[in-house]
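Report on the following structure.
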Amino acid sequence: MSPNVNYCGIVLLLRQLVASGCCTKKDAIKIADRIAKKTGADIIFSL
């Protein structure tokens, strides 16, 4: 699969974790940034 498609799914998961209170928004942003860099995703989503 494309790194962008995978990254999209990860961002959706992170949004759900933030909404359920399992993760802070600040931590979710750090995780998303790290994964985007590691996978080479070049699409930008906001949390």
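Side chains are part of it too, since the values below use all heavy atoms of this structure and drop only hydrogens, waters and symmetry mates.
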Legend entry - Positive for side-chain contact (heavy atoms from CB on, under 4.5 Å) with D33, one of I31, I35, I29: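 When I31, I35, I29 are each tested with D33, the side-chain contact (heavy atoms from CB on, under 4.5 Å) holds only for I29.
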
Legend entry - side-chain contact (heavy atoms from CB on, under 4.5 Å) partner of R15, the single match among L17, V11, V18: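 It is V11; the other options fail the test.
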
Inset, instruction - Verify the cluster assignment for L14 and L12: are they in a single hydrophobic cluster under the rule of side-chain heavy atoms below 4.5 Å apart? - result: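 No, because L14 and L12 fall into different hydrophobic clusters, even though each may have its own neighbours under 4.5 Å.
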
Legend entry - Exercise: identify the closest heavy-atom pair between A28 and C23: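 Heavy atoms only, the tightest pair is N-SG, 3.8 Å.
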
Inset, instruction - Write down the atom of G40, the atom of P3, and the distance for their closest heavy-atom approach. - result: C-CB, 4.4 Å

Inset, instruction - Determine yes or no for a side-chain-to-main-chain donor-acceptor pair under 3.5 angstrom, with N4 supplying the side chain and D42 the backbone. - result: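 Side chain of N4 to backbone of D42: a pair is present.
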
Legend entry - Nearest-0.5 Å distance that lies between atom CD1 in I43 and atom OH in Y7: 9.0 Å

